[in-house]
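So the structure is just underneath, and the comments pick up after that.
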Amino acid sequence: MKTWTIQRTLVLVMAGLLGGAMQAKEGMWIPTLLDVIEGDMQALGLKLTAEDIYSINQSSLKDAVVHFNGGCTAEMVSSEGLLLTNHHCGYGQIQQHSSVENDLLANGFWAMTRAEELPNPNLTCTFIDRIEDVTRRLARACVGLSGEERDKKMKEEMAAIVLEATEGKGLEGKVVAFDFGNSHFLITSRVFRDVRLVGAPPSAVGKFGGDTDNWVWPRHTGDFSVFRIYADANNAPADFAQDNVPYVPKHHFPVNVDGVKDGDFTMVFGFPGRTEQYLTSDAVEHVIDRLNPMRISMRDQGLAVINAARASSDALRIAYAAKQSGVANAWKKWKGQNRGLTELHALDKKRAMELRLNQATGTTVIKDIAALNAQYFPFLEARALFIEWLYYGPEIFNYAHSFSGLVQGGLSEEERTSLIERLRADEPGFRRDYDAGVDAQMMGRLVTEYLKWIRPEMEPEGLREEVAKAGGGEAWADKMFGKSVFDNADAMDKLLANGSAKAWSKLEKDPAYRWVEQMRGHYFSTVAPEYGRLRSEIEQASGLYTKALRRAFPKEVFPVDANSTLRLTYGKVEGSAPYDGMQYNPLSTANGILQKYIPEDPDFDMPLRLVELLEQKSYGDYANEDGELVVCFTGSNHTTGGNSGSPALDASGNLVGINFDRSWESTMSDILFDDTRCRNIMVDMRYVLWVMDVYAGAGHLVREMTLVRQD
Ligand code: ASP
């Protein structure tokens, strides 16, 4: 297809102009292409224009939306750098500032003055400067080229585009592929590096319901935390410095304290991470039958160890807080995803669509993808298991690997010194959140599980034999931890203080070091290259697939997958009826918090003061017209991971909630969206303000915001 046709198709697809009624609910819309859906949004209730939402000429809503640490979303709520995101997005930072004596996770934290705000090294906040379609320019540059030559030219042209857009402007830039490379956009941004923790409710509010309620509606979680962005005297990004000043954003969201009611227009503006709506039926079957079960089983093992450890002491509860959440979140989602895909007959639906496409066009693309998938699945599995074991499992492996430069030698004196400095600086942080006993148990269980799932042809050499010889996973892990020095803080301190080249090189035989290097060596030499090659062929074929779908069925809408770029999604405050005989209301209230309250329960306990305030219905200015305090609400906005922390906005662009989750019956929406049951979950701003003001006594933060009443 020629470039202009690709462009036109993308716009028309975005617009749904190729016929048929616009589906308000499905789709994560690229902000520069909102003109074409403006009418539909307005018909649903929006009182703004596309230009009000995204503009490069004047301040617009996009200027208040923040990519929080590259994984979550956040929003500006004051002209002095104040920012809201989810509690679960700031969880790692809250944990870092916590200790048994000063437990911010359990007690919450509120800076009563700016001087009390807590710095967070390495935390970044990114604002989008500009998004520009560069598909044509890239296509023009590559006319007549193919294969490696074309790839090379593409890379060069992308680098040139980025350089032109950013040089000398204090901006970062990248060219990002959309829709499997059918289009490309330049995205320039400004990255702030001095971001301080201002407030967090206790976990009993911010994580109320724990893993039991995660991915579930009705919900009563106050999933928010508060940060402030600091800038230099010119309002520009700067490293942390005492004399930095609060950043003045181009826009901040006013908060609508009258809030929402059933049927109101809402939109969610943020950075959805990844959807896979164009997986073919064989790939969906593989997700259901192999990929999800193996990932869930690996995490079952890790969670059994972490959860028991966290219940055994406060120190371990704090040390393993963020790790537990990271492991448990996707673990539960994958379970719901498998259930939803099965209940919705995802395979039948996908196969029917593929058959329709084949019959309409005679394309071979589905067959081509299936042939590639057959080769790809073993590598995909090996990669998934590698990630589960090395990145979500025991920590000693990655820790040992971080010393490889010293163990292998060959570094210049300067490199050596700087590596040792870095390792010494990281050491206390690592030890603080690490327990060798917990790690050894994880190792034992995960290696056993890994060997259950890994295909024989993908196994790292010698692992199965060595584990068998040791008498099983646990014995193997015990032996490793018995011999390794990496779990010995004193020994590592001594080595870091004055380790000779010879002492470092001896570590080559350390069992933790030996195995992590062997696993990595095996993965990077035999799994990753084939994985990468097949992945990129599948991407290319998938680009042909989406093009074929759009050409064959011009009246249907085929939204562009999420790719961690800024998107707008819109819908209504809306409940759902996912099963016969049941109905979910779209709003939850503080009464539900009290109904769920179970003293001493790790998921449902609460501070007594909170219980008392709620029992007295001390709702301050934040009750709705029925005298109730709305806590959370659901909407028909299409969201995914990465939308965590996104602003939920009303028809006038005022903040009404913070997106944080989806309902249990929506967990398959990354692969198959169903507009009758897919609902995102947002914490209501009235509850956020109530927690800050009435519960925490941090009313100064509420007063810093711009509060508005219903327009
Ligand atoms: N709770 C989710 C997350 O943490 C948000 C979502 O996926 O809807 O990623």
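Keep in mind that the numbers below use all heavy atoms, side chains included, and drop hydrogens, waters and symmetry copies. All ligand and atom numbering here is 1-based and tracks the order in the structure.
Within the cation-pi definition used here (under 6.0 Å to the ring centroid, within 45° of the axis), Arg567 does not qualify as a partner of Trp29. Both the sub-6.0 Å distance and the 45° axial angle are satisfied by Lys332 relative to the ring of Trp664. Figure legend: Arg299 and Tyr392 shown as a cation-pi pair, the cationic atom lying under 6.0 angstrom from the six-membered ring centre and within 45 degrees of its axis.
Atom NZ of Lys596 sits in a crowded spot, with more than 12 heavy atoms from other residues, nucleotides or ligands closer than 6.0 Å.
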Check: every ligand 1 N/O to protein N/O pair under 3.5 Å:
residue	atom	partner	partner atom	Å
ligand 1	1 (N)	Phe660	O	2.9
ligand 1	1 (N)	Asp661	OD1	3.0
ligand 1	4 (O)	His88	NE2	3.1
ligand 1	4 (O)	Asn329	ND2	3.2
ligand 1	4 (O)	Ser644	OG	3.2
ligand 1	7 (O)	Gly641	N	3.0
ligand 1	7 (O)	Arg662	NE	3.4
ligand 1	7 (O)	Arg662	NH2	2.7
ligand 1	8 (O)	Arg662	NE	2.8

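Between the side chains of Asp674 and Thr676, a donor-acceptor pair is found at a separation under 3.5 Å.
Between Phe208 and Phe604, the angle of the ring planes goes over 60°, which puts this pair in the perpendicular group of the 30/60° scheme.
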